[in-house]
Each structure stands twice: as structure tokens, then as C-alpha cells.
Amino acid sequence: MSTTFAQSFSRSKDPQKVSQNREINKADKSRNLLSIKQRLSKSTSINSSRVKIKKTVIKRYDTSLTRSLCSYVDSGLMNEALSLFESMQNLDTFHWNVMIKGYTNIGLYKEAIDFYLLMQYQGVKPDNFTYPFVIKSCVGLLSLIEGLKIHARLIKTGLDSDVFICNSLIVMYGKVGCIELAEEVFVKMTNRDLVSWNSMITGYVLAGDEWKLFWCFRKMQAFGLKPDRFGIISALAGCSLANYERLGKETHCYVIRGGHESNLMVQTSLIDMYCKGGNLDYAVELFKKVPCLNTVVHNAMIGGYARNGCPLEAFGCLVEMQQSGNANPDAITMVNLLPACAQLRDLFLGKSIHGFAIRNGFLPHLVLETALVDMYGKCGEPKLAERVFYLMKKRCLISCNAMLAAYVQNEWKRKAINLFLDIHEEGSIKLDAMTISSVLPAYAELASLRVGIQIHSCIIKLGFNVNTFVSNSLVDMYAKHGNLREARKIFDRLQSKDIVSWNTIIMAYGIHGCGKIAIDLFSEMQEKSIKPNSSTFVSVLSSCSISGLIDQGWEHFSSMKTDYGIDPGIEHYGCMVDLLGRSGNLDLARNFINEMPLVPTARIWGSLLAASRNNGDIVLAEEVAEQIFSLEHDNTGSYILLSNMYAEAGRWEDVERIRCLMNIKGLEQTIGTSMIELNTKTFRFINGDRSHSESYMIYNVLGIILGQIGETMNSPSFLRFRPRELIRKRSELPLTHSVRLALCFEAGKFVVSTVLKRNSETPGSEHLTNILVRLPIKSNMEDSIYWHTAPVEITVK
DNA sequence: AAATTATGAA
């Protein structure tokens, strides 16, 4: 299949077409623009012609010159038209209108408005024919301010009752996003024609207000007007907005009854509607019946295949389009194909499309570039996404959001946060809820709760705290930072909880070892008749696994399929292996893996490897590691784990062998660190760390807390290192785990500062003990090899 | 002498 794509890409590489496209893109526009500005500044020549108008009022109209002017304008030859215009005498409103129309039609909106201003300056009065063009130019510039000025002028001159002008105004306000103003114009009109209604309906499509759209659609019929193809096309767009299947079919009936079935644009809209409503079969049926397929219909179908999870069919449609010879792919075709590449995770295909777009002169193109950023992000290539992003000439909110998502999906958290801050500080692009919920996972993973709280207040200021997506990310962020209470508070206050909200809060309790609360929340969710999805069960099963709720884990695992019809995925099997491994039942875990219907991944085996280490089963560990290395030869963690197990067993030759293997493969041991933030400073600890200047205090605190939970530390062992003591050193390692050291540092500092505030003297070691022993330490520390991934809550009465 | 509304897009 991929050779067909490659062939079809290279076949249409036509140098002539490429140069044509490029020319349209830039050359013409800039040339025109320059000459007009130069000529407009020489207003003396036009001035003199005005003088001549006054002198020769009686002189007969030169119709042949006027006719030439019109034909230049109609063929888009504005330079020639301008020369003729300047040389002409007897210029009246009609000539000016022709010029304004010409500039509007070729997209030189600024020049059209300049001409409109100039004609007034020259004393020529604009009439009802002038304004539709001028208003269209405002739409082209998306300039509400110019539009409002013109509207004011219309009210002053009394032209605001002209139906054509009012219709233009409705279109303008609809397109610049001021639907209320469009409504105002519409309501004030005394005679509304079909175009007025159609324009209003189109405005509602753009505003995304399908309710008012259909209200309008019905109201116009009550006034005795029959919807034509314009209104029907908008209504079809409204159906995909609303996603009402019945409404779509109802509107399809209008098409048939009105006899619009043969109209290509109507056919396209119908296909698009059925695609967006997920009714792909209907769309394909209609697509097959279209007699002359153009680029747009193909694009609608390609987009439909892509959005309905049929990426290969999307490419099939591209090949059909190229083989038909009637239609050529354009920039939008590329935009529609890129999500298909992302779904296939096929980087080669994505790059082919990128190359095709470059060769055909489609770039620069804001939407296409954004789609490229999105595709590279989803194909796991944040570097390429970044490259496209920073080469873009223009960027908008959506392109920034796409880049942020690409960073976050690929774990480039720092970059995501920096980009977010850049956008925020630069200020020209206004953030939305999507921006925030894209970047929050990056804040959740990085160790600074302080900055997370800053973002939270920023969210409240911007009013995004009511948004469900944002709140879900916030719940996750607080949970990952160990502040379960705040996470719960946000969850409880959230007005409209969706399935993600529930999944997140269940997982939050799960990762903190509060399996019971997690399961209670799961029941509560079911009582509220919210249907769990596949991710819900990942949350529930991990909660059971972490808290050692073996029976409940099995219950939920089997009820997934029987009660909810959800087939367990690889991640669910992973949770179960974890559960069995934690319970120490290695044989069961192993049989479970062998009997599961899916091919085990490295992560599944990794779960069993961890379990075999905790149970000291070195034979199983070796076997499992073999499986992992066959899947991922560079899995550093597994090498280290195996090496540690050999060390614990005193098998030094094997330790050495593993180290050599790692050297050969160029793998380095990564050192895990734990960070904690105190008074705006970040402190980093490694396991058994003694490098901190306050290590004495930290180990003091550690000793005290260990005493409270019944663990003891043979203090000298970490001071010296002798191979024979390695066994003990290894088994003691969790005692001085980096997470514990970080927490003890925080606890100690807290006590010191509290005591200092009270007594204004430095507390001694005994002092510290006295206070720490009395501290209520809230957490079930014994449950885990570390106490917790989250800070321990310490309160002093 | 002349005008206004439509299809596919992240």
C-alpha cells in the first residue's frame, strides 16, 4: 500500500503547478499592493481629475472607456484598471464602485477600503452599491472596528434600510463573531428576503448555536419562505454541530423535497454531515453516487474516513482522487490526511505528506502547519513538531495548543512550561481552557507545588476553574503533588463531573494507597449512574493492587467484561499481574501471563520482575529479564534490578557480567532523585544521601520516625562500604530512600522553624525528638517500601 | 451600467 502512496505523491509533482501555486501565494499580491500605495500617495493626479469633472459637467459620458474599465476589473487586472482610472475624466460614483469591487474581488481588502475613504475625501458620495463591497472587505480583514465605523456612517446617511446593505452587515457581524449585532440588524429590518434569513442562519453556524439556527430555519418557513440551497447547506452544517441523527435525516428530506440533490455543494455538505455524525456508511453511499467528484468532495470523504478511525481508507480515497484525474489534492487534503498518519503512528507517511506539501507550494499555511505539529507530536517526534512550529510565519492559539500538547505527550515538560509562560507573557495570543489543560500535566509531573498553586490562582483569575477539563487536570496535579485534600476539594466543587473526573479522583486515592476510598468512590459513581469506561477500571484495579485488595481486584476484573461489556486491555492485565505479584503469588502471576489472550509487553514482564525481586526469586527473575531484553534490549531498569539481585545473593561474577553487558550496549545507570521544595528553594536527594549540609538533622529525624513505625537503622552501614556488607546495605536501602530523606528534611525544617518562632532558640537533638514523637503522622507508612510518594502531613497543635 | 448568502480545515 505504501508504495502506491509514494507513487501517487511523486506522480503529481508537476513543476508548473508548483510555480503557479507559489505565485498565487505571494508575488501578485505584494506587487499590486506596492504600486497602489505609490499611486495613491500621488493623489494630485486624481485631484486634478476631480477639477476636470467640475469643469466638464455637461460633457458626454465616455461609455467605451467605462466598458474597458469594467472588463479589466472583471478579469482581475487591477493594475491596468488603475492606470485607466487615473487617466479617465468624468469620474462618478459608478467608476469608484467598479474599482472598489475589483479590489474586493481579488482580496486586496485594505486597498478597497482606502479607495472608499479616498472617494469621500474627493467629494464623491458612496451609494447603496458601494457598501456591499466595502463591508465585504471588512469581512476579509476581519476588522470589526472598520465595520462599526461604516455601520455608523450608514445610519447617518440613512442607507441602513437597504436590504442588500443590511444583508451584508448580517454576514459581517456573523463572521467577526458578533452574532448579537447581526441579530440586532436582522430584527430592525422591515423587509427581509431569503438572503437575510440565510445569512442569519450561516451566522448561527459560525457561532455554534444550533438551537437558534433551527429556530430560524423553521421561522422563515412560517413566514412563507422556502429554504433554498444556501439555507439548507447551513442547516446541514448545523446538524453536524448538534450531532442529532434525526435532525440530519430531516434536513436530508428538505434536500430531496427541494430538488437540491443534484447540487454538488449540497452533496458535499450531506457527505460531511454523515461523516461528522459517525454515519460513515451513509456518507460512502452518497459519495459513490456523486457524478463529478471534485477536490472538496474528496476532502470531505478523506476527512470522514480519518475522523471515523479508518486511516487506510482515507489514503485509499487519496489514490482514487489522483487516479480519477479530475481533482488534485490541495492543502486541506493534507490537513485531513495528517490525523490518519497519526492514527497509524506512521512517521514515514507523515513525512511523505509534509514533503508533498512543500513540493506543491502549500506552505506556509497556518492550518496545515498546525496539523503537522499535531501529527509529529502524536508520532512521538516532538523535535520535528518544534521545528515546524518555530518555522511558522504566523501562529495562533490552536497552533500553540498543538505544540504544547506535543511537548506534554512526549514528556518534554520543561519545554511545555516554558512555551506556556512565553505565550502568557507575550500576551498577543489569549489563552483558553485547552491551553491550560494541556500544560497542567507538565506542572503535575514537575516537583514544584508552589508553581502549581500559582497556576491554580491564574486559572481562577481567568475564570477557567469552572471548566471540567481544567478541573480534571487540577485534581490530577494536586494528587500527584500529594495534596489529596485539595484534589478532593476541587473534585467536590466541580459542577459538571464527567467520566474523566471520576477516573482521576479514583486514581488519586489509589496512588496514595487509599484503596478503600477509591472503591467507595467507584460505587458512588455507579449510584449516580455514570457508566465506567476502560480507564475507570485501570484506576480501580491499580487502587486494588497498590492497597493489596486482592479479592476485590479479581471481582472488578471479572465484572468488567460480564457487567459492563468492556474487554480487558493490556493495561488491565498489567494491573492484575501487579496485584498477583504484590500478593507474593509468583506462580499464579506467571500462569496468568501465559494464559492471557494478549501478547505480553515489556511492562507486563517488568511487573513480574519487580515481584520476583521482592520475593527473592532469582531464577524467575533471570527468566523474566530474558523476555524483557528480547523486547527491549535497552531496558536499563531491568539490568539494574537483576544486577542488584545478584549482589544481594553475593553472586559478584554475575554482577560484573551485567555491568559489562550494559557497557557494551552503552547503557548508563540512571540515578533516581527526590526533590522537595521549601521556601522557594528546591532540594534534591539521592538514596542514602549525606551530602546535604543538614544531614545530621535529617538522619536524626529519620531515626526518630523509624523508631515510631518499628523500623531500625544500623547507622554505621552507610558510612563505610565493604563488598561483604553489600547484602545488608542493599536490604537497608529502602530505609534511607531518597523520598524518605526529602520528607525528613521537610519535617525537620518545619519543626525547627516552629520551635524557633516560639522560643527564639535553636532546638537541640532531644528537643527535636520530643516534638517529633508527639507529632501525629497521618499516613499508613508501613504499607509501602517507601512511606509514601507524597509528603507526610504533619500538624503541630 | 452594478450588489448581498453556500461545500472541505487544526
Side-chain angles (χ1 to χ4, degrees), chain A residues 61 63 66-67 69-71 73-74 92-102 104-105 127-136 139 162-172 174-175 192-203 205 227-237 240 260 263-273 275-276 290 293-304 306-307 321 327 329-339 342 362 365-375 377-378 395-403 405-406 434:
Chain A
Y61 233 61
T63 22
T66 306
R67 223 174 281 144
L69 185 72
C70 287
S71 75
V73 163
D74 288 341
D92 67 2
T93 303
F94 177 71
H95 298 108
W96 285 91
N97 287 353
V98 170
M99 289 305 287
I100 293 171
K101 167 181 148 189
T104 306
N105 286 346
D127 63 3
N128 52 328
F129 289 101
T130 316
Y131 283 100
F133 297 122
V134 179
I135 295 169
K136 202 177 181 182
V139 175
D162 184 279
V163 182
F164 282 85
I165 290 174
C166 284
N167 292 346
S168 302
L169 282 173
I170 293 169
V171 173
M172 179 187 80
K175 290 216 169 138
R192 298 180 198 100
D193 63 4
L194 206 54
V195 179
S196 321
W197 287 94
N198 288 341
S199 304
M200 205 59 232
I201 289 171
T202 312
V205 174
D228 63 355
R229 60 184 200 282
F230 291 92
I232 285 176
I233 285 170
S234 294
L236 289 170
S240 20
H260 303 297
N263 181 283
L264 185 57
M265 285 192 195
V266 174
Q267 288 165 341
T268 311
S269 295
L270 271 171
I271 290 167
D272 186 52
M273 178 198 74
C275 285
K276 283 180 180 153
V290 177
L293 295 159
N294 66 359
T295 303
V296 180
V297 192
H298 275 108
N299 286 349
M301 203 57 239
I302 290 171
R307 80 169 64 226
M321 160 153 71
D330 65 1
I332 297 179
T333 318
M334 306 297 112
V335 172
N336 280 332
L337 286 169
L338 287 169
F362 295 153
H365 186 292
L366 181 64
V367 178
L368 179 51
E369 285 161 318
T370 307
L372 281 167
V373 170
D374 185 64
M375 181 275 295
K378 285 183 179 143
R395 288 180 207 107
C396 65
L397 178 67
I398 303 174
S399 41
C400 291
N401 287 350
M403 190 64 240
M434 185 74 139

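Letters go in sequence order (proteins before strands), and every chain restarts at 1.
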Could you walk me through whether A:I271 and A:H298 satisfy the side-chain contact (heavy atoms from CB on, under 4.5 Å) test, starting with their C-alpha distance in whole Å, then the side-chain angles of each, then the deciding distance to 0.1 Å, before giving a yes or no? CA-CA 10 Å; A:I271 290 167; A:H298 275 108; over 6 Å; no
Checking B:dT4, B:dA1, B:dT7 against the side chain of A:F94 (C-beta onward), the nearest is B:dA1
Tell me yes or no: between the side chains of A:S269 and A:D272, is some donor less than 3.5 Å from an acceptor? no
Just how far, in rounded Å, is P of B:dA2 from CG of A:N105? 14 Å
If you look at every strand shown and take non-hydrogen atoms under 4.0 Å, does A:Y131 touch a base, only sugar-phosphate, or nothing? nothing
Could you check whether A:T333 and A:N336, counting side-chain N and O atoms only, form a donor-acceptor pair closer than 3.5 Å? no
Under the side chain to side chain contact (heavy atoms under 4.5 Å, CB included) rule, collect the residues that match up with A:D228, sequence neighbours excluded. A:L194, A:N198, A:F230
A:D162 has its side chain closest, among B:dA6, B:dA3, B:dT4, to B:dA3
I need the CG-P distance between A:L270 and B:dA6, as an integer number of Å. 18 Å
Is A:F164 stacked on the base of B:dT4, with ring centres under 5.5 Å apart and planes under 30° apart? no
Please give, in whole Å, the distance from B:dT5 C1' to A:F230 CZ? 6 Å
Does B:dA2 have A:F129 stacked on its base, where the ring centres are within less than 5.5 Å and the planes differ by under 30°? yes
At 4.0 Å (heavy atoms only), tell me whether A:N294 reaches a base, stays on the sugar-phosphate, or touches nothing. nothing
Can you tell me how far C1' of B:dT4 sits from CG of A:D228, to the nearest Å? 13 Å
Using whole Å, what does the distance between atom P of nucleotide B:dT7 and atom CD1 of A:I232 come to? 14 Å
Rounding to an integer number of Å, can you tell me how far A:K136 NZ sits from B:dT5 C1'? 10 Å
What's the separation between atom CD1 in A:I170 and atom CD1 in A:I165, rounded to the nearest 0.5 Å? 12.5 Å
Would you indicate what A:D127 reaches in the nucleic acid, counting non-hydrogen atoms under 4.0 angstrom: base, sugar-phosphate, or nothing? base
Side-chain heavy-atom pair A:S168, A:K136 within 4.5 angstrom cut-off: no
Does B:dT4 have its OP1 or OP2 closer than 4.0 Å to a side-chain nitrogen or oxygen of A:K101? no
Tabulate atom names and distances for all N/O pairs under 3.5 angstrom spanning the protein and nucleotides 8-10 of chain B.
from: B:dG8; atom 1: OP1; to: A:D272; atom 2: OD2; distance (Å): 3.4
from: B:dG8; atom 1: N1; to: A:D330; atom 2: OD2; distance (Å): 3.4
from: B:dG8; atom 1: N2; to: A:N299; atom 2: ND2; distance (Å): 2.3
from: B:dG8; atom 1: N2; to: A:D330; atom 2: OD1; distance (Å): 3.2
from: B:dG8; atom 1: N2; to: A:D330; atom 2: OD2; distance (Å): 2.5
from: B:dG8; atom 1: N3; to: A:N299; atom 2: ND2; distance (Å): 2.9
from: B:dA9; atom 1: OP1; to: A:R307; atom 2: NH2; distance (Å): 3.3
from: B:dA9; atom 1: OP2; to: A:K276; atom 2: NZ; distance (Å): 3.3

Check for a donor-acceptor pair, side chain of A:D374 on one end and backbone N or O of A:G377 on the other, with a separation under 3.5 Å. no
Could you tell me how far apart A:F133 (CZ) and B:dT4 (P) are, to the nearest whole angstrom? 5 Å
